[in-house]
Structure formats: structure tokens, C-alpha cells
A.B. asks: 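Shown below is the structure under consideration.
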There are 2 protein chains.
Amino acid sequence: MNREELFEKKPLIKLHDKLFPCPASAAMELIGGKWKSVILTHLIDGEKRYNELRKEMPTITERTLSLQLKQLEVDGLVSRKVFTKKPPLKVVYSLTKFGNTVIPVLQTIIEWGITAAIAKGEFIEQEK
Amino acid sequence: MNREELFEKKPLIKLHDKLFPCPASAAMELIGGKWKSVILTHLIDGEKRYNELRKEMPTITERTLSLQLKQLEVDGLVSRKVFTKKPPLKVVYSLTKFGNTVIPVLQTIIEWGITAAIAKGEFIEQEK
DNA sequence: CAGTATCCCGCAAGATACTG
DNA sequence: CAGTATCTTGCGGGATACTG
């Protein structure tokens, strides 16, 4: 099956030992949910430390950031590098090669998200 | 704020009376999850009846198809038209004008989903 | 600094049976 | 034909406190 056939046939896909009905659905497993796409977007700029990411996403909880980063790492989108052995720790996150392939998808989603927010939502002023 | 600024600033967005940290996150609220993107993809071909959609997505349950269609309708992506008053009912679903704006996003997601499935997943033979 | 440990809640989603 | 009604399960995600 070439890519065009795959696109047409919307084949079942096994991922994380679960079945997904279509490549779109499998993609959502990898980058869906409230936070994964946001985290990935922040990593487009380049590598970031844990607390940098936290500051850039003030409404995420530590637990959620930690869990989502871990899942992104397991799925091969993000790499985690540790630079110290003793506290204070230095840990840096960045997109892997595979993670870089998702950048155009993120940009398309954000573009449409802005369209959707204009049509259906409401922009909120950021306060300092 | 023009679109470019919105893209840079990743503003908070209110949708469904909930807050989202970024347009990407808001987009996921509208088209994320296991099934919404799949349903929308099937409606790109044109309008479909409820049972047509079910046949094209053999692994979705009636309940889930029903709930997801209802949410897509509430969010203005899908329109629902009823053609009979007495059983057997004829109900037809189609993309709205706003729903059509999401087609390029879906195509990008599917393309990347195929890439991801090749890299991280496994294609399963469809049985009849 | 970079996380864990607990506790909790709501919702997505599946299974199955029933109905206007 | 096009759905509801029930019941159940798992997981995403929030709040808060603690730690190597």
C-alpha cells in the first residue's frame, strides 16, 4: 500500500496496544488532548528546560506537564537530556527528528484554531 | 491583534465555558478525541446518512457516533437535516461552511498520521 | 531544579438493550 | 432508520503537598 491508498482506505492502526480506526485517530492519540500540541509548539523554538516550559504555560500543573512530557518521550516526539547528577538538576527537552515532522501539522492546527476561536470562541486578555 | 500576533502570543481562549491555553488546544477541543476527526473525514465526500456513517466506521458504537455528531453539530462543524417525520427516518449529515474550513487540517493530520503509523504503529488488515 | 505522591473528578468511550 | 437508555471503565487533567 502506498500513501495514497492508505489515505483512501483509512486503515486500522495499532498503537499503544490499542486499535484506531484511521490515521487521523492515531495522530490524535499522539498529539491530541489539551496539552500535547501546546507543549510541542513551545518546543519548536528549540530546547527548553522544565521550568522554562512551566513559565511559558502558566496554567499547566506540574503533574500534567511531567506526565505529558513523559508520554511524548515514550512516543518518540520529544527527547529528554539530563545534565547534572545532583540537585539542582538541569534537564532539557527538545523535539526529536520524528518530533520535527509534526511541526507543519501543529502550524496548520494553530492557524485553524485561531479561525475557530474567532468564529466560536473568545480571546482572553493575558494578565501579568 | 492580527493573525500573526495571535500565532505568536498563543492567547487564552474561552470555549464551551472553559479556558484553553492556546489556539491549538482550542482546536483539539473541537476536533480532538478518537472519533471526531474520523467522522469529519468521512463527511468530506459529501452528505451521509447515519447508517452510512456507521457502515463506513464499523468499530464505532451507535452511542458514540450519536454523541459525537451532536457535539459537532453544536460546535457548528456539521449540519443535521431530517427528511421524514415518521419512521423509517431519513436524516442526513453534512459539513457546514465552517466545517469545510477544517478540511485542510484533517488532510494534514491524516498525512502525518500515516507517517506516524509507519514509524511507531502497525497497519492492520481490514477483514470483510 | 525538576520533578513525585496522593487524592479527586468529569468525561470519552465501550457494551448492550431498547424505541418512536 | 436513527437513534436513547443504562451501566461501566479508564484516563486526562486539576489541586495540593512533598522530595532527591
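Each chain gets a letter, A, B and so on, in the order its sequence line appears, and its residues count up from 1. Because the structure is predicted, anything quoted here is derived from the model rather than measured.
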A.B. asks: If you only use heavy atoms from C-beta on, which nucleotide in dT4(C), dG13(D), dA2(D) is closest to the side chain of Thr64(A)?
C.D. replies: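 The nucleotide sitting nearest to the side chain is dG13(D).
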
A.B. asks: Return the value, rounded to whole Å, for the distance between atom CZ of Arg54(A) and atom P of dA2(C).
C.D. replies: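 These atoms are roughly 10 Å apart.
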
A.B. asks: Would you say Tyr93(B) places a side-chain N or O within less than 4.0 Å of OP1 or OP2 belonging to dC1(D)?
C.D. replies: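 So the side chain of Tyr93(B) is outside the cut-off, no N or O lying under 4.0 Å from OP1 or OP2 of dC1(D).
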
A.B. asks: Please give, in whole Å, the distance from dA2(D) P to Leu53(B) CG?
C.D. replies: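 That distance rounds to 10 Å.
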
A.B. asks: Rounded to the nearest 0.5 Å, what separation is found between the CD1 atom of Ile39(A) and the CG atom of Leu95(A)?
C.D. replies: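 These two atoms lie 11.5 Å from each other.
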
A.B. asks: If the condition is side chain to side chain contact (heavy atoms under 4.5 Å, CB included), which residues does Lys55(B) pass it with, not counting sequence neighbours?
C.D. replies: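 Applying side chain to side chain contact (heavy atoms under 4.5 Å, CB included) to Lys55(B) gives none.
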
A.B. asks: Under the rule for salt bridge (Lys or Arg N to Asp or Glu O under 4.0 Å), what residues qualify as partners of Glu47(B), not counting sequence neighbours?
C.D. replies: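 For Glu47(B), no residue satisfies salt bridge (Lys or Arg N to Asp or Glu O under 4.0 Å) once neighbours in sequence are set aside.
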
A.B. asks: Strictly under 3.5 Å: I want the nitrogen or oxygen pairs between protein and nucleotides 6-12 of chain C, one per line.
C.D. replies:
residue : atom : partner  : partner atom : Å
dT6(C)  : O4   : Arg63(A) : NH1          : 3.4

A.B. asks: Rounded to the nearest angstrom, tell me the gap between atom CG in Leu67(B) and atom P in dA5(D).
C.D. replies: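 Atom-to-atom, Leu67(B) to dA5(D), this comes out as 11 Å.
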
A.B. asks: Mapping Val91(B) and Glu29(A) onto DNA chain D by nearest heavy atom, which one lands closer to the 5' end?
C.D. replies: Val91(B)

A.B. asks: Does Ser66(A) put a side-chain nitrogen or oxygen below 4.0 Å from OP1 or OP2 of dA2(C)?
C.D. replies: no

A.B. asks: Let me have the donor-acceptor pairs involving side chains of residues 56-65 of chain B, under 3.5 Å, with sequence neighbours excluded, atom names and distances please.
C.D. replies:
residue  : atom : partner  : partner atom : Å
Glu56(B) : OE1  : His42(B) : ND1          : 2.7
Glu56(B) : OE1  : Lys48(B) : NZ           : 3.0
Glu56(B) : OE2  : Lys48(B) : NZ           : 3.3
Thr61(B) : OG1  : Thr64(B) : N            : 3.2
Thr61(B) : OG1  : Thr64(B) : OG1          : 3.0
Glu62(B) : OE2  : Arg54(B) : NH1          : 3.0

A.B. asks: Using whole Å, report how far CG of Leu15(A) lies from P of dC11(D).
C.D. replies: 14 Å

A.B. asks: Within this structure, what is the CZ-to-C1' distance between Arg80(B) and dC1(D), rounded to whole angstrom?
C.D. replies: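 My rounded result for the distance is 12 Å.
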
A.B. asks: Let me have the donor-acceptor pairs involving side chains of residues 18-30 of chain A, under 3.5 Å, with sequence neighbours excluded, atom names and distances please.
C.D. replies:
residue  : atom : partner  : partner atom : Å
Lys18(A) : NZ   : Glu29(A) : OE2          : 3.3
Ser25(A) : OG   : Lys34(B) : O            : 2.7
Glu29(A) : OE2  : His16(A) : ND1          : 2.7

A.B. asks: Looking at residues at least two apart in the chain, or sitting in another chain, which of them share a side chain to side chain contact (heavy atoms under 4.5 Å, CB included) with Lys86(A)?
C.D. replies: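 Partners of Lys86(A) by the side chain to side chain contact (heavy atoms under 4.5 Å, CB included) criterion come out as none, since no residue qualifies.
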
A.B. asks: Write down the distance between CD1 (Ile39(A)) and C1' (dG3(C)), rounded to a whole number of angstrom.
C.D. replies: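 Distance, rounded to whole Å: 14 Å.
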
A.B. asks: Hey, could you give me each pair passing salt bridge (Lys or Arg N to Asp or Glu O under 4.0 Å) that has a residue in residues 94-109 of chain B? Not counting sequence neighbours.
C.D. replies: none

A.B. asks: Please, which pairs that meet side-chain hydrogen bond (donor to acceptor under 3.5 Å, both in side chains) have at least one residue in residues 110-124 of chain B, sequence neighbours excluded?
C.D. replies: Arg3(A)-Glu111(B), Arg3(A)-Thr115(B), Thr101(A)-Trp112(B)

A.B. asks: Looking at DNA chain C, which of residues 81-88 of chain B put a heavy atom within less than 4.0 Å of it?
C.D. replies: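 Heavy-atom cutoff 4.0 Å gives Pro87(B).
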
A.B. asks: Which range-with-range stems can be found for DNA chain C when each stem has 3 or more Watson-Crick or G-U pairs in a row and both distances sit under 3.5 Å?
C.D. replies: C:1-20 with D:1-20

A.B. asks: Taking side-chain hydrogen bond (donor to acceptor under 3.5 Å, both in side chains) as the definition, give me every residue that meets it alongside Tyr50(A), ordered by chain and number, with sequence neighbours left out.
C.D. replies: none

A.B. asks: Between C1' on dT4(C) and CD on Glu62(A), what's the gap in Å once rounded to a whole number?
C.D. replies: 10 Å

A.B. asks: Quick check: do Phe123(A) and Leu6(B) have side-chain heavy atoms less than 4.5 Å from each other?
C.D. replies: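 Heavy-atom side-chain distance check passes, below 4.5 Å.
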
A.B. asks: Taking side-chain hydrogen bond (donor to acceptor under 3.5 Å, both in side chains) as the test, write out the residues that go with Ser66(A), two or more places apart.
C.D. replies: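 Ser66(A): no side-chain hydrogen bond (donor to acceptor under 3.5 Å, both in side chains) contacts found.
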
A.B. asks: If you check the Leu89(B) side chain, which of dC1(D), dT4(C), dG13(D) turns out closest?
C.D. replies: dC1(D)

A.B. asks: Any non-hydrogen side-chain atom of Val38(A) less than 4.5 Å from a side-chain atom of Lys10(B)?
C.D. replies: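 Side-chain contact under 4.5 Å: no.
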
A.B. asks: Quick one: Lys70(A) NZ to dC11(D) P, roughly how many Å, whole number?
C.D. replies: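 Rounded to whole Å, this separation is 16 Å.
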
